[in-house]
Amino acid sequence: SSLSNSKDEL
Amino acid sequence: MNIFRLAGDMTHLASVLVLLLKIHTIKSCAGVSLRTQELYAIVFATRYLDIFTSFVSVYNTFMKLVFLGSSFSIVWYMRYHKAVHRTYDREQDTFRHWFLVLPCLVLALLIHEKFTFLEVLWTFSLYLEAVAILPQLVLLQRTRNIDNLTGQYIFLLGGYRGLYILNWIYRYFTEPHFVHWITWIAGLVQTLLYADFFYYYFLRFIGGRGVE
């Protein structure tokens with residue numbers, strides 16, 4: 001899902 | 001985390017520190033667009049809404065707090081600090097930046113990855129950040145040449161998202177299913193808007209003159 005790996009960026 | 005993203009975050013941090021250095025030490029914001037700073041404060045406020053709900057890492061939370069704190073304190077300095085406010089070029093900084101907010105919000109309501117409150121505002125912050133530099137670039141054209149600190153600030157601010165593009169390319173090839181068109185296109189547009197600034201900025205380095 002998008003939460004996993006695009007919300008870990010600033 | 002990869003070196004491109006770390007370099008991007010450090011470049012972004014450096015841009016904020018250069019601006020805070022200029023405003024806090026020489027108490028001047030000459031050549032700096034308050035409107036761009038206000039847009040950036042909105043960008044961070046809408047992008048980091050999940051700061052208390054989703055913990056990624058100490059680094060991530062720390063950097064979010066730094067960007068939130070610095071963007072709002074820069075706006076405060078430029079609006080309310082007597083000495084700094086006096087150096088603010090109100091007559092020249094007239095780009096109708098509120099006209100940027102609504103289209104970005106509408107676009108985020110139309111094009112997003114998930115239709116949830118946080119995701120739409122997060123997407124809005126990506127679109128808004130892509131165009132947030134416009135008032136600053138317009139002010140730059142009007143004030144002709146600027147001091148080195150302001151030039152370095154804009155250069156670093158433009159460079160950070162360019163490094164993020166390298167990060168996205170790296171992650172696309174190393175992580176399966178890492179595809180985020182919205183982030184990528186917004187980041188590309190944002191970086192392309194700096195193209196002519198970068199051109200003149202490098203000319204300055206070659207020519208050794210101020211940024212014309």
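What's counted below: heavy atoms across the whole structure, side chains too, no hydrogens, waters or symmetry copies. Lettering follows sequence order; numbering is per chain, from 1.
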Chemist: Taking every heavy-atom pair that is under 4.5 Å apart, which of B:Lys64, B:Arg5, B:Met1 has the most such pairs with chain A?
Modeler: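 Most heavy-atom pairs within the cutoff with chain A belong to B:Arg5.
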Chemist: Is atom CZ of B:Phe198 surrounded by more than 12 heavy atoms (other residues, nucleotides or ligands) closer than 6.0 Å?
Modeler: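 Counting other residues, nucleotides and ligands, CZ of B:Phe198 exceeds 12 neighbours.
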Chemist: So what's closer than 4.5 Å to chain A heavy atoms on B:Tyr164: side chain, backbone, both or neither?
Modeler: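 Side chain only.
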Chemist: Are more than 12 heavy atoms, taken from residues, nucleotides or ligands other than B:Phe55, located less than 6.0 Å from that residue's CZ atom?
Modeler: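 Result for CZ/B:Phe55: enclosed.
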Chemist: Taking CH2 in B:Trp181 as the centre, count heavy atoms belonging to other residues, nucleotides or ligands within less than 6.0 Å. Is the count above 12?
Modeler: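 Not more than 12 within 6.0 Å, no.
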Chemist: Identify which part of B:Asp9 has an atom lying under 4.5 Å from any heavy atom of chain A, answering side chain, backbone, both or neither.
Modeler: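 Just the side chain, heavy atoms under 4.5 Å.
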Chemist: Between B:Phe44, B:Phe67, B:Trp168, which shows the greatest number of heavy-atom pairs under 4.5 Å with chain A?
Modeler: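 Top option by heavy-atom pairs under 4.5 Å: B:Trp168.
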Chemist: More than 12 non-hydrogen atoms from neighbouring residues, nucleotides or ligands closer than 6.0 Å to NE2 on B:His24, yes or no?
Modeler: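 Result for NE2/B:His24: open.
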Chemist: Other residues, nucleotides and ligands only: do more than 12 of their heavy atoms fall within 6.0 Å of OH on B:Tyr59?
Modeler: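 Atom OH in B:Tyr59 is crowded, with more than 12 foreign heavy atoms closer than 6.0 Å.
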Chemist: Look up atom CZ in B:Arg171 and atom CD in A:Glu9, then write down how far apart they are to the nearest 0.5 Å.
Modeler: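 Taking CZ in B:Arg171 and CD in A:Glu9, the distance rounds to 4.5 Å.
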Chemist: Would you say the side chain of B:Glu119 lies within less than 4.5 Å of the side chain of A:Lys7, judging by non-hydrogen atoms?
Modeler: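 Yes, close enough: below the 4.5 Å cut-off.
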Chemist: Kindly compute the distance separating CG (A:Leu10) from NE2 (B:His12), expressed to the nearest 0.5 Å.
Modeler: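 So the CG of A:Leu10 and the NE2 of B:His12 are separated by 8.5 Å.
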